[in-house]
Visitor: 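Sharing a structure below in structure tokens format, with a few things to ask.
Since the model is a prediction, treat every value here as computed from it, not as a measurement. When reading the values below, keep in mind they use all heavy atoms of this one structure, side chains included, and skip hydrogens, waters and symmetry mates. Protein chains get the first letters and strands the later ones, always in sequence-line order, with residue 1 at the start of each.
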Amino acid sequence: MSTYALVDCNNFFASCERVFNPKLENKPIVVLSNNDGCVVARSNEAKLLGIPMGAPYYQWQTLCERQGVHVFSSNYELYGDMSQRVMMSLERFSENMEIYSIDEAFLLFDEPNEKQLTWLATHIRQSVKKWTGLPISIGLASTKTLAKVANHIAKKQIEEGVFSFKHQGLQDAKLAQLPVEEVWGIGRKLSKRLNQLGICTAKELRDRDPSEMRLQFNVVMEKIVNELRGISCLPMEALQPRQQIISSRSFGRVVTTLADLEEAVSHYIAKACVRLREQKSVAAEIYVYIHTSLFNDTSTPYCNGNTVRFALPTADTSLIMQEAKKCLATLYKPGYRYKKAGIILRDLSSDTKTQQDMFATNTKRSAALMETVDLINNRDGRNSVFFCAEGIARNWQMKCGKQSPRYTTNWRELVEARC
DNA sequence: TCTGGGGTCCTAGGACCC
DNA sequence: TCTGGGGTCCTAGGACCC
């Protein structure tokens, strides 16, 4: 029987900051979301101070200052690059790997001997630490859901950071300790419903009849129960092109003019289109939306969005910008204090399917232009060339005053070593 | 003053068809 | 007044994940 290993980087964003700044070792660190809004990552030391995940930063700022917490704006360029390094390291150990998120991957092993597996996992952990500087934890089990649980235990209870769930007796005890809301796929709403049925732990969920649970909930719940029983229902999945691409940001300050909104939306489109072309797709439509603050703002709330379909599926940034601009004009109402705008590229398909249109001169020229823009930006750094429509002053841009250098992706921000 | 962003999957319900 | 049944496709919204 195969074994799933879930590899998860410990406190990923906080650990990335630490790799290039050893003074942060054993110090509390928090990393903030875009616009320095919420806490999205904490080192163990910061967790011990009681700073919760997802908390609005302004509520914890005083405590952070008083306790000497090192606070960072998020630096996705750095985290994305570090993630790639971890994944490349992991690839060496299994041919069957699924990158699940920026800091997690499943590996599948056929090795039946549990001791061998645990040894291998320990070896992987040491290697990744050596090659990337990042600490990871590994959970081993016969299903993905159980591997998640095992990883949770490895991280919290096991100093060596590796835990195997192959032993049945151990499973009973550990699942009985685990609150049901900690199970992968059980969120706030579902755990509340489960609690009402008297199901409070992972073990109690596991011991329910799967088909009964399907009737009461849905097919997803049935799979979760089976997975907890060691029956694998969630296979390894190949990397698929995304079905939609979202680009949105809260503004650094309130925006009131159409011109500023146009700049912001154009900028989001430029970023989304880079990702669209990276995965060799074209989009058939774009959804554009704007809204005022969602939180206790005394001014009148307003939110609106609309979809535009293109004449032909496209990955041409300027063409999409033009369409979005027309759409935005219909959404915009003067007099409101806008806080956020966003776009979603939808109905994506492979760009090779639209090749018959390549005979059109316009399409050919646009593809060549986009290719050149991407080439220059890949070679010389992001935003080396950009569309005028994205604006230059960009006074709507988000706050990120506490950002660390992009140590690994920008020549001007390399680590300095001093004797 | 200050509350993130980017994804996926499932289901219910409506429209439409025979 | 009476007014089937089954299928498909699409979309909005909900729930979840990191």
Side-chain angles (χ1 to χ4, degrees), chain A residues 6-13 30-42 52-62 64-65 71-76 79-80 83 98-106 144-145 148 151-152 180-194 214-224 233-234 237 239-254 268 271-272 275-276 279 284-285 287 289 291-299 301 305 307 337 339-348 398-402:
Chain A
L6 176 64
V7 178
D8 189 321
C9 301
N10 302 351
N11 316 325
F12 182 55
F13 296 170
V30 302
V31 179
L32 305 178
S33 63
N34 286 315
N35 243 335
D36 293 346
C38 298
V39 173
V40 291
R42 307 152 296 155
M53 178 69 173
Y57 175 57
Y58 73 93
Q59 292 175 356
W60 292 87
Q61 190 170 1
T62 317
C64 286
E65 284 165 5
V71 180
F72 292 93
S73 304
S74 39
N75 184 347
Y76 285 103
Y79 310 148
S83 170
E98 175 189 335
I99 297 175
Y100 177 68
S101 74
I102 192 164
D103 73 328
E104 275 176 84
F106 288 102
K144 281 182 165 181
T145 306
K148 274 272 198 184
N151 184 283
H152 190 258
V180 75
E181 60 265 29
E182 304 273 334
V183 175
W184 191 33
I186 307 293
R188 253 206 338 264
K189 294 276 164 102
L190 286 175
S191 61
K192 202 173 161 194
R193 277 179 67 195
L194 288 167
R214 180 182 187 147
L215 287 176
Q216 288 197 45
F217 292 85
N218 57 21
V219 60
V220 181
M221 184 65 83
E222 184 186 33
K223 283 185 184 170
I224 292 173
C233 304
L234 307 170
E237 282 178 29
L239 192 63
Q240 303 280 350
R242 277 180 288 267
Q243 296 172 28
Q244 57 178 33
I245 294 173
I246 302 178
S247 182
S248 67
R249 285 280 181 282
S250 300
F251 302 130
R253 61 170 185 72
V254 166
Y268 303 156
K271 290 205 299 185
R275 283 190 274 155
L276 183 68
Q279 69 167 32
E285 63 178 45
Y287 176 76
Y289 67 89
H291 62 72
T292 55
S293 175
L294 298 173
F295 302 95
N296 59 29
D297 195 335
T298 44
S299 57
T307 305
R337 297 160 54 77
K339 199 65 181 87
K340 184 173 177 179
I343 64 110
I344 309 178
L345 298 177
R346 293 198 293 216
D347 202 351
L348 309 189
M398 64 177 186
K399 292 181 271 184
C400 52
K402 304 178 184 65

Visitor: On a whole-Å scale, what distance lies between the C1' atoms belonging to B:dC16 and C:dG4?
Guide: 16 Å
Visitor: How far apart are the closest heavy atoms of A:Gly185 and A:Leu190, and which atoms are they?
Guide: O-CD1, 3.6 Å
Visitor: With a 4.0 Å cut-off, would you call A:Glu98 and A:Lys144 a salt bridge?
Guide: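 The answer is yes: the pair qualifies as a salt bridge.
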Visitor: Which part of the nucleic acid does A:Ser74 contact within heavy-atom distance under 4.0 Å: base, sugar-phosphate only, or nothing?
Guide: nothing
Visitor: Over all heavy atoms of both residues, which pair between A:Ala55 and A:Trp60 is shortest? Give the atoms and the distance, please.
Guide: CB-NE1, 3.4 Å
Visitor: What class does the angle between the rings of A:Phe13 and A:Tyr76 fall in, given that below 30° is parallel, 30 to 60° is tilted and above 60° is perpendicular?
Guide: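 Ring orientation of A:Phe13 relative to A:Tyr76: perpendicular.
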Visitor: Do A:Val40 and A:Leu32 come close enough that some side-chain heavy atom pair is under 4.5 Å?
Guide: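 A side-chain contact under 4.5 Å is absent here.
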Visitor: Describe the nucleic acid contact of A:Asp36 in one word from base, sugar-phosphate, nothing, applying a heavy-atom distance below 4.0 Å.
Guide: nothing
Visitor: Reading nucleotides 6-17 of chain C from the 5' end, what letters show protein touch, with B for base, S for backbone sugar-phosphate only, - for no heavy atom under 4.0 Å?
Guide: ---------SSS
Visitor: Can you tell me how far P of B:dG5 sits from CZ of A:Phe13, to the nearest Å?
Guide: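 My rounded result for the distance is 13 Å.
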Visitor: Which is more 5' along DNA chain B, the nucleotide nearest A:Asn218 or the one nearest A:Gln59? Just name the residue.
Guide: A:Gln59
Visitor: Look at all strands and tell whether A:Asn34 reaches a base, only sugar-phosphate, or nothing, counting heavy atoms closer than 4.0 Å.
Guide: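 Sugar-phosphate, backbone atoms only, no base.
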Visitor: Could you give the CD-to-P distance, from A:Glu182 to C:dC18, as a whole number of Å?
Guide: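 Taking atom P of C:dC18 as the reference, CD of A:Glu182 is at 10 Å.
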Visitor: Please give, in whole Å, the distance from B:dG5 P to A:Ile245 CD1?
Guide: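 These atoms are roughly 17 Å apart.
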Visitor: Under 4.0 Å between any heavy atoms, over every strand shown, what does A:Arg275 touch: base, sugar-phosphate, or nothing? Just pick one.
Guide: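 Touches sugar-phosphate only.
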Visitor: Rounded to whole angstrom units, what separation is found between the CD1 atom of A:Ile343 and the C1' atom of B:dG5?
Guide: 13 Å
Visitor: Tell me: OH of A:Tyr76 to C1' of B:dG5, nearest whole Å?
Guide: 7 Å
Visitor: Compare all side-chain heavy atoms of A:Arg346 with those of A:Thr307 and state whether any distance is below 4.5 angstrom.
Guide: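 A side-chain contact exists here, since the closest heavy-atom pair is under 4.5 Å.
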Visitor: Does A:Lys339 have a side-chain nitrogen or oxygen under 4.0 Å from the phosphate oxygens OP1 or OP2 of B:dT3?
Guide: yes
Visitor: For A:Tyr58 and B:dT1, what is the distance between atoms OH and C1' respectively, to the nearest whole Å?
Guide: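 After rounding, the gap between these two atoms is 10 Å.
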Visitor: Looking only at non-hydrogen atoms, find the nearest pair between A:Ser83 and A:Phe12 and report the distance.
Guide: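 Smallest interatomic distance, heavy atoms only, reads N-CZ, 3.8 Å.
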Visitor: Name the nucleic acid region contacted by A:Gln244, choosing base, sugar-phosphate or nothing; use a 4.0 angstrom heavy-atom cut-off, strictly under.
Guide: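 Here A:Gln244 touches the bases of the nucleic acid.
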Visitor: Assign A:Lys271 to base, sugar-phosphate, or nothing according to its heavy-atom contacts below 4.0 angstrom with the strands shown.
Guide: nothing
Visitor: Can any side-chain N or O of A:Asn218 pair as donor or acceptor with the backbone N or O of A:Val220 at less than 3.5 Å?
Guide: yes
Visitor: Find the distance A:Met53:CE to B:dG5:P and express it as a whole number of Å.
Guide: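 After rounding, the gap between these two atoms is 14 Å.
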Visitor: Let me spell it out: for each of A:Cys38 and A:Val220, pick the nucleotide of DNA chain B with the closest heavy atom. Which residue's pick is nearer the 5' end?
Guide: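 Counting from the 5' end, the first nearest nucleotide belongs to A:Cys38.
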Visitor: What does A:Ile102 touch in the nucleic acid at a heavy-atom separation under 4.0 angstrom: a base, only the sugar-phosphate, or nothing?
Guide: nothing
Visitor: May I have the distance from A:Asp8 (atom CG) to C:dC18 (atom C1'), rounded to whole angstrom?
Guide: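 Checked: the CG to C1' distance equals 9 Å.
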Visitor: What would the secondary structure line of DNA chain B be in dot-bracket form, counting Watson-Crick and G-U wobble pairs under 3.5 Å, with [ ] for pairs that cross earlier ones and | for pairs with another strand?
Guide: ....||||||||||||||
Visitor: To the closest 0.5 Å, what do you measure between CD (A:Glu104) and CD1 (A:Ile99)?
Guide: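 It is 12.0 Å, given to the nearest 0.5 Å.
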Visitor: Between A:Ser250 and B:dG5, is there a side-chain N or O to OP1/OP2 distance below 4.0 Å?
Guide: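 Answer yes for this pair, as a side-chain N or O of A:Ser250 is under 4.0 Å from OP1 or OP2.
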Visitor: Closest approach of A:Ala105 and A:Leu6, non-hydrogen atoms and distance?
Guide: O-CD1, 3.5 Å
